[in-house]
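None of these values were measured; they are calculated from a predicted model. The chains referred to below are lettered A, B, ... by the order of the sequence lines, with proteins before strands, and numbering in each begins at 1.
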Amino acid sequence: MRWGLVPFWSKDGKASFSTINAKSETVATSPAFREAWKQRRCLVPADWFYEWQKPDEKTKQPFAIANKDDGMFAFAGLWESWKDRATGQKLRTFTILTTDPNELMEPIHNRMPVILHRRDYERWLAPSDPTNLPIDLLRPYPADEMKAWKVGKAVGNTRNNDPSLIEPLRDEEEVTAPLTLFG
DNA sequence: CCAGACGTTGTT
DNA sequence: GTCTGG
DNA sequence: CCAGACGTTGTT
DNA sequence: GTCTGG
C-alpha cells in the first residue's frame, strides 16, 4: 500500500493534488474521498508519529508522539484500488484522516491524525448502513492517553529511518497533557 | 453544454 | 518553484 | 507534512 | 465518476 490516496477515477494513477491526509470535516462530501469513506475504511497501525512545531518562521521543531503505555496507535484511514487500464495492475493507496488537536497536540500543531480506540476498530472497519456511517468516531484522541517529546531534526529527511530518530533531545523534558484543565 | 477540478497544511 | 519519496 | 532533487551524455 | 463554473 502506498501513502497518498489515488482516486479510482484518476486517469494516470497519480493524485494531481495532495491526498496524504483527508479532513474529517469534509471527507463525506469530498469527491476524492467520499466513496472510500463509505466503503473502504481501514486502520493504519503506528507505534508513534511526528509533528513539526513552528514557533516562528525560521524554527521547525519536530516532536514524536506516542501512547503513554507505548502501545500501538490505529489511525483512521481510507484506501482505494486504482486499476491501470494498460497493464491491469492494481495500485492500492491510502490516506489518513485528520481532526482538531487535543490538549497535548494543540501547542505543537493545529491538526492531528484521527486515532481510534480499540473498542471502535470493528465498527470502523465494518460495512455500514450508508445512513449510519461512523462519523462520530472522528474525534481527537484523549490527550491524557498520549505523550510527546522533542526529537532531533534528522527525522525530517526521509532517507533517515532508524531508532535514533525517536530519541529524546537531551536536556528536554517530556511534554504531557496539562492536568489543570478540569480543576 | 464543456472543461477543469477533485486536497491538505500552513501561511497570508 | 515544483515534484517526489517516505 | 518534510527534505531533497531538479539533467544529459556517455560510460560501466 | 461527479460536481462546478463559465
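Residue A:Arg159 has a polar side-chain atom (N or O) positioned under 4.0 Å from OP1 or OP2 of D:dG4. The phosphate of C:dC3 (OP1 or OP2) has no side-chain N or O of A:Lys14 nearer than 4.0 angstrom. In this model, the phosphate group of B:dT8 is approached by a side-chain N or O of A:Thr26 to a distance below 4.0 Å at OP1 or OP2. A close approach under 4.0 Å does occur between a side-chain nitrogen or oxygen of A:Lys54 and OP1 or OP2 of B:dT11.
Within 4.0 Å of A:Arg34, counting heavy atoms only, lie sugar-phosphate atoms of the nucleic acid but no base atom. The residue A:Ser16 sits apart from the nucleic acid: no heavy atom pair falls under 4.0 Å. Residue contacts for A:Tyr50: at a heavy-atom cut-off of 4.0 Å it reaches no nucleic acid atom on any strand shown. Counting any heavy atom pair closer than 4.0 Å across all strands shown, A:Ala22 reaches sugar-phosphate atoms only and no base atom. In this structure, A:Ser18 reaches the bases: a heavy-atom distance under 4.0 Å links it to at least one base atom across the strands shown. Residue contacts for A:Thr95: at a heavy-atom cut-off of 4.0 Å it reaches no nucleic acid atom on any strand shown.
Rounded to a whole angstrom, the distance from the P atom of D:dA3 to that of B:dT11 is 12 Å. Rounded to a whole angstrom, the distance from the P atom of C:dG1 to that of B:dT8 is 24 Å. Only the C1' atoms considered, B:dA5 is 25 Å distant from C:dG5, to the nearest whole Å. Comparing the P positions of B:dC2 and C:dG6 gives an interatomic distance of 41 Å, to the nearest angstrom.
The NZ-C1' distance, from A:Lys60 to B:dT11, rounds to 13 Å in whole Å. C:dG5 atom P lies 18 Å from atom CG of A:Asn160, rounded to whole Å. The nearest whole Å value for the distance from the NZ atom in A:Lys23 to the P atom in B:dC6 is 14 Å. Atom C1' of nucleotide B:dG7 and atom CD of A:Glu35 are separated by 17 Å, given to the nearest angstrom. Put simply, CG on A:Leu78 is 11 Å from P on B:dT8, counting in whole angstrom units. As rounded to whole Å, 11 Å separates atom P of C:dT4 from atom CZ of A:Arg2. Going from atom CH2 of A:Trp82 over to atom P of E:dG1 covers 13 Å, rounded to whole Å. Distance, A:Ile65 CD1 to D:dC2 P: 13 Å, rounded to whole Å.
For E:dG1, the base is stacked against the aromatic ring of A:Trp9, per a cut-off of 5.5 Å between centres and 30° between planes.
Under 3.5 Å, the side chains of A:Arg41 and A:Ser128 contain a donor-acceptor pair of N or O atoms.
For B:dT8, there is no paired nucleotide, since no Watson-Crick or G-U wobble pair has both relevant distances below 3.5 Å. Base pairing analysis places D:dC2 opposite C:dG5; the two distances defining the Watson-Crick or G-U wobble pair are each below 3.5 Å.
The residues A:Arg139 and A:Asp120 are annotated as not salt-bridged, no charged nitrogen and carboxylate oxygen being separated by less than 4.0 angstrom.
Cluster annotation: A:Leu78 and A:Phe75 are assigned to distinct hydrophobic clusters (Ile/Leu/Val/Met/Phe/Trp/Tyr, side-chain heavy-atom contacts under 4.5 Å, transitive).
For A:Phe49 and A:Phe73, the gap between ring centers is short of 6.0 Å.
Distances from the side chain of A:Phe8 to the nucleotides C:dG6, B:dC6, E:dG1 place E:dG1 closest. Ranking D:dG4, B:dG7, B:dT8 by closeness to the A:Asn21 side chain, first place goes to B:dT8.
A donor-acceptor pair under 3.5 Å is absent between the side-chain atoms of A:Glu35 and the main chain of A:Glu80, judged by distance alone.
With A:Thr98 as reference, A:Arg111 is the one residue of A:Lys23, A:Glu25, A:Arg111 to meet the side chain to side chain donor-acceptor pair (under 3.5 Å) rule.
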